[in-house]
There are 2 protein chains.
Amino acid sequence: MRPEERIFRNCLASRGLRYTPERNIILQEAFNRHDHFEAEDLLYSIRKKEKRTSRATVYRTLELLVQCGLLQVVDFGGNSHHYEHVLGHQHHDHLICERCGRIIEFTHRQLEKLKEKVCQEMDFDGRSHTLKIFGICDQCRGNTKR
Amino acid sequence: MRPEERIFRNCLASRGLRYTPERNIILQEAFNRHDHFEAEDLLYSIRKKEKRTSRATVYRTLELLVQCGLLQVVDFGGNSHHYEHVLGHQHHDHLICERCGRIIEFTHRQLEKLKEKVCQEMDFDGRSHTLKIFGICDQCRGNTKR
DNA sequence: TATTTATTGAGATTGAATCTCAATTTCAAC
DNA sequence: GTTGAAATTGAGATTCAATCTCAATAAATA
Ligand SMILES: [Mn+2]
Ligand SMILES: [Mn+2]
Ligand SMILES: [Zn+2]
Ligand SMILES: [Zn+2]
């Protein structure tokens with residue numbers, strides 16, 4: 001059994017909820033993807049495969065997947081939420097190209113330290129963070145520096 | 001003349017646009033505030049003072065104020081945009097208390113350096129960034145550490 | 001004054017997200 | 001395998017911020 005399925009089953013069971021066919025379809029579709037995606041996209045993909053699932057169930061299930069720690073909402077400033085995998089991905093932040101919209105992931109160990117320092121100085125109990133850097137990606141600059 | 005008014009007038013003039021009474025009211029109201037605010041709040045405040053202004057004009061004018069560099073959109077993850085002053089405020093980032101919703105501003109000079117480093121390593125021309133740290137504020141922890 | 005151009009506002013529209021509730025499914029107990 | 005309680009689903013209604021439409025109005029210009 002795929003690890004995400006086991007986790008989802010366990011999480012649901014521990015809350016007295018059921019692993020239904022609809023939830024299975026949505027889980028599969030969410031983990032077939034390997035980029036950031038939107039709820040409406042997911043719904044569209046599922047319907048294209050003639051698997052009928054309601055919009056309400058998609059939204060409800062994505063919320064459950066977030067609660068179970070399998071997915072995460074990530075906000076790129078548009079008018080809709082985006083989701084990404086948590087399972088199998090370490091924490092990372094994002095570069096966002098303002099010209100082509102490309103999203104590039106990165107991690108930087110110093111950022112974690114800096115976060116600790118800021119929290120200490122501000123007497124804040126920081127639990128999580130998001131850093132987004134907006135600019136122009138290398139492709140859009142035609143691979144010329146600056 | 002208040003500096004924000006001069007800037008707004010100049011910016012509008014340079015684009016062949018007019019400084020109207022409605023735009024004046026909205027500018028004033030936006031700069032009376034000294035925290036993060038939403039378009040609907042602003043509209044409500046204006047109407048409470050019996051100054052009739054349409055929702056469309058408020059949204060349109062806020063957009064102009066952003067384009068003129070007087071305001072900035074800042075996203076706290078809710079379902080609506082928030083605005084904050086740019087004029088008279090240096091760049092800063094935000095701590096967001098997940099219990100009481102309080103927004104705390106901070107600046108940290110190392111963050112700018114780190115951003116430069118990340119951009120260099122990733123071959124990305126970074127123009128701006130936002131860092132949000134989510135957690136629990138000192139007040140919500142009852143002023144006890146951790 | 002006449003003409004052009006920008007602006008406004010009431011209301012319609014969009015679109016993501018949520019809600020409602022009757023019908024259906026699931027599961028455990030008998 | 002029948003029964004009943006509890007969870008789940010889906011079609012469609014609803015919400016809400018934000019945007020759009022377009023006729024009426026105001027301001028600038030000739
Ligand atoms: Mn990501
Ligand atoms: Mn701020
Ligand atoms: Zn790009
Ligand atoms: Zn707090």
Side-chain angles (χ1 to χ4, degrees), chain A residues 5 8-30 36-68 71-83, chain B residues 8-30 36-68 71-84:
Chain A
E5 185 177 330
F8 196 27
R9 281 181 183 275
N10 286 342
C11 178
L12 290 172
S14 74
R15 299 169 57 181
L17 304 177
R18 295 164 186 167
Y19 191 80
T20 63
E22 288 82 2
R23 288 176 180 164
N24 180 55
I25 289 170
I26 295 164
L27 175 71
Q28 294 220 40
E29 197 60 37
H36 309 92
F37 63 90
E38 297 172 60
E40 294 291 326
D41 286 344
L42 206 70
L43 178 63
Y44 181 71
S45 302
I46 290 170
R47 289 193 169 161
K48 214 166 45 183
K49 295 177 185 169
E50 306 195 51
K51 298 175 182 170
R52 63 216 165 305
T53 303
S54 73
R55 167 168 288 108
T57 300
V58 168
Y59 277 92
R60 285 188 289 233
T61 303
L62 287 173
E63 171 62 20
L64 285 171
L65 289 168
V66 170
Q67 289 171 11
C68 293
L71 295 183
Q72 185 169 39
V73 174
V74 55
D75 209 326
F76 293 126
N79 47 342
S80 64
H81 287 165
H82 290 236
Y83 294 85
Chain B
F8 196 26
R9 279 181 185 274
N10 286 343
C11 178
L12 289 172
S14 74
R15 297 169 58 182
L17 304 177
R18 297 163 186 169
Y19 190 79
T20 64
E22 290 81 4
R23 288 177 180 164
N24 181 54
I25 289 169
I26 294 164
L27 174 70
Q28 293 220 40
E29 198 58 38
H36 309 91
F37 63 89
E38 297 173 59
E40 294 290 325
D41 286 345
L42 206 70
L43 178 62
Y44 181 71
S45 303
I46 290 171
R47 289 193 169 161
K48 213 165 45 182
K49 298 178 182 169
E50 307 196 49
K51 297 175 180 169
R52 62 220 167 304
T53 303
S54 75
R55 168 169 288 107
T57 299
V58 168
Y59 277 92
R60 284 188 288 230
T61 302
L62 287 173
E63 172 62 19
L64 285 172
L65 289 168
V66 169
Q67 289 172 11
C68 293
L71 295 183
Q72 186 168 38
V73 174
V74 55
D75 210 327
F76 293 126
N79 47 343
S80 63
H81 287 166
H82 289 236
Y83 294 85
E84 67 181 6

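A quick note: this is a predicted structure, and the numbers were derived from the prediction, not measured. We name chains A, B, ... by the order of the sequence lines, and we start the count at 1 in each one.
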A.B. asks: What is the distance from OH of B/Y19 to P of C/dT8, rounded to the nearest Å?
C.D. replies: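 Answer to the nearest Å: 12 Å.
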A.B. asks: Between B/T57 and C/dG9, is there a contact of a side-chain N or O with OP1 or OP2 at under 4.0 Å?
C.D. replies: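 Yes, within the criterion.
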A.B. asks: Can you tell me how far C1' of C/dT8 sits from CD1 of B/I46, to the nearest Å?
C.D. replies: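 One finds 14 Å between C1' of C/dT8 and CD1 of B/I46, rounded.
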A.B. asks: Say whether, by atom type as modelled, one donor and one acceptor occur between the side chain of A/S14 and the main chain of A/C11 under 3.5 angstrom.
C.D. replies: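 Pair found, side chain donor or acceptor close to backbone of A/C11.
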A.B. asks: According to a strict under-4.0 Å criterion, is B/R52 in side-chain N/O contact with OP1 or OP2 of C/dA10?
C.D. replies: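 B/R52 to C/dA10 OP1/OP2: no side-chain N or O under 4.0 Å.
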A.B. asks: Separation of B/L12 atom CG from C/dT5 atom P, in whole Å?
C.D. replies: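 Going from B/L12 (CG) to C/dT5 (P), I get 19 Å.
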A.B. asks: Mind checking what makes salt bridge (charged side-chain N to carboxylate O under 4.0 Å, His left out) contact with A/E5, not counting sequence neighbours?
C.D. replies: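 For A/E5 the salt bridge (charged side-chain N to carboxylate O under 4.0 Å, His left out) partners, ignoring immediate neighbours, are A/R2, A/R9.
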A.B. asks: Take the protein atom CZ of B/R23 and the nucleotide atom C1' of C/dG9, then report the distance between them rounded to whole Å.
C.D. replies: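 In whole Å, C/dG9 C1' lies 13 Å from B/R23 CZ.
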A.B. asks: Expressed in angstrom and rounded to an integer, what is the separation of A/R15 atom CZ from D/dA6 atom C1'?
C.D. replies: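 It works out to 16 Å between those atoms.
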A.B. asks: When you check every protein heavy atom under 4.0 Å of nucleotides 18-30 of chain D, what one-letter string (B, S, -) results, 5' to 3'?
C.D. replies: SBBB----BBS--
A.B. asks: Please tabulate, for side-chain N and O atoms in residues 75-82 of chain A, each donor-acceptor pair with protein atoms closer than 3.5 Å (sequence neighbours left out).
C.D. replies:
residue	atom	partner	partner atom	Å
A/D75	OD1	A/G77	N	3.3
A/S80	OG	A/E38	OE1	2.5

A.B. asks: Measure from CG on A/N24 to P on C/dT26 and round the result to the nearest Å.
C.D. replies: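 From A/N24 CG to C/dT26 P: 12 Å.
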A.B. asks: May I have the distance from A/L43 (atom CG) to C/dA17 (atom P), rounded to whole angstrom?
C.D. replies: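 Roughly 12 Å, once rounded to whole Å.
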A.B. asks: Run the salt bridge (charged side-chain N to carboxylate O under 4.0 Å, His left out) test against B/K48 and tell me which residues pass, sequence neighbours left out.
C.D. replies: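 B/K48 satisfies salt bridge (charged side-chain N to carboxylate O under 4.0 Å, His left out) with no other residue.
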A.B. asks: List the residues meeting salt bridge (charged side-chain N to carboxylate O under 4.0 Å, His left out) with B/E84, not counting sequence neighbours, and say none if there are none.
C.D. replies: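 Applying salt bridge (charged side-chain N to carboxylate O under 4.0 Å, His left out) to B/E84 gives none.
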A.B. asks: Rounded off to whole Å, could you give me the CD-to-P distance for the A/E22 and D/dA7 pair?
C.D. replies: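 Between P of D/dA7 and CD of A/E22: 17 Å.
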A.B. asks: With sequence neighbours excluded, what pairs up with B/E40 under the salt bridge (charged side-chain N to carboxylate O under 4.0 Å, His left out) test?
C.D. replies: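 Expected list: B/R55.
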